[in-house]
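This report concerns only the one structure given below.
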Amino acid sequence: QVQLVESGGGLVQAGGSLRLSCAASGLSFSTYVMGWFRQAPGKGREFVAAISWSSGSPYYADSVNGRFTISRDAAINTVHLQMNSLKPEDTAVYYCAADPRPAIVRSRWSRANNYDYWGQGTQVTVSS
């Protein structure tokens, strides 16, 4: 049984930083992609970043490219999202997700429907 548990959310001022973590368990498949999505009040779920667990290759949404960094720590089965230069528009609930059958084309990692497993989410609030 796959479990994804996010942590690290909180309240931060604009320009500040936060580091989110997603502890994964039960991932028994050999290749998968871990993704971060977010959902702001009244809006749909938005892709943020993803990483291939096997290669470490990342993929970012244009809105966060250059500010956010996704990484994985295989020793503790955890994916991190380092968020710098935060803006009020980054305010959202952030979700970790796992896709056990990732597409070869990285641009498809942004599709929420491809992910089978989701965490419960962690709130990030950026004040102006």
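Every value quoted in this text rests on a predicted model; they were computed, and no experiment measured them. Only heavy atoms go into these numbers, but all of them, side chains included; no hydrogens, no water, no symmetry mates.
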Within a strict 4.5 Å, meaning less than it, do heavy atoms of the [X] and [Y] side chains meet?
X: Leu86; Y: Leu18; result: yes
X: Leu20; Y: Phe68; result: no
X: Gln123; Y: Thr91; result: yes
X: Tyr117; Y: Pro100; result: yes

Euclidean distance, [Y] [atom2] relative to [X] [atom1], rounded to 0.5 Å:
X: Asn113; Y: Arg45; atom1: CG; atom2: CZ; value: 10.5 Å
X: Ser63; Y: Glu89; atom1: OG; atom2: CD; value: 9.0 Å
X: Leu27; Y: Gln1; atom1: CG; atom2: CD; value: 11.5 Å
X: Leu81; Y: Cys96; atom1: CG; atom2: SG; value: 9.5 Å

Task: Sole candidate of Ile51, Val64, Val48 that passes side chain to side chain contact (heavy atoms under 4.5 Å, CB included) when paired with Ile70 - done: Ile51

Heavy-atom pair with the smallest gap, counting every atom of [X] and [Y]:
X: Gly119; Y: Tyr95; answer: O-CD2, 3.7 Å
X: Ala98; Y: Met34; answer: CB-SD, 3.6 Å
X: Ala92; Y: Ala40; answer: CB-N, 3.8 Å

Task: Test ring pair (Phe, Tyr, Trp, His ring centres under 6.0 Å) applied to Tyr60 - qualifying residues, sequence neighbours left out - done: none

Task: side-chain hydrogen bond (donor to acceptor under 3.5 Å, both in side chains) evaluation trace for Ser17 with Asn84 - done: CA-CA 4 Å; Ser17 299; Asn84 298 329; 2.9 Å; yes

Tell me whether [X] shares a hydrophobic cluster with [Y], the cluster being built from Ile, Leu, Val, Met, Phe, Trp, Tyr side chains joined at under 4.5 Å.
X: Met83; Y: Val12; answer: yes
X: Tyr94; Y: Trp118; answer: no
X: Val126; Y: Val93; answer: no

Open item on the list: Could you walk me through whether Ser71 and His80 satisfy the side-chain hydrogen bond (donor to acceptor under 3.5 Å, both in side chains) test, starting with their C-alpha distance in whole Å, then the side-chain angles of each, then the deciding distance to 0.1 Å, before giving a yes or no?
Closed with: CA-CA 5 Å; Ser71 62; His80 302 290; 5.3 Å; no

- [ ] Might you work through the side-chain hydrogen bond (donor to acceptor under 3.5 Å, both in side chains) test for Arg106 and Ser57, ending with a clear yes or no?
- [x] CA-CA 9 Å; Arg106 283 195 299 171; Ser57 177; 3.2 Å; yes

TODO: Step through it carefully: locate the ring centre of Phe47, locate the ring centre of Phe37, and say whether they are under 6.0 Å apart.
DONE: yes

With distance as the sole test, does [X] use its side chain to make a donor-acceptor pair with the main-chain N or O of [Y] at under 3.5 Å?
X: Thr122; Y: Gly9; answer: yes
X: Arg38; Y: Glu46; answer: no
X: Glu6; Y: Ser21; answer: no

Task: Check against side chain to side chain contact (heavy atoms under 4.5 Å, CB included), Trp36 and Cys22 - done: CA-CA 9 Å; Trp36 285 97; Cys22 172; 3.6 Å; yes

Open item on the list: Between the side chains of Arg67 and Asp90, is the shortest nitrogen-to-carboxylate-oxygen separation below 4.0 Å, so that they form an ion pair?
Closed with: yes

Task: Verdict with supporting geometry, Asp116 and Arg101, salt bridge (charged side-chain N to carboxylate O under 4.0 Å, His left out) - done: CA-CA 9 Å; Asp116 289 354; Arg101 295 171 300 278; 2.8 Å; yes

Open item on the list: side chain to side chain contact (heavy atoms under 4.5 Å, CB included), that's the test. Do Tyr115 and Val33 meet it? Break it down for me.
Closed with: CA-CA 9 Å; Tyr115 292 79; Val33 162; 3.6 Å; yes

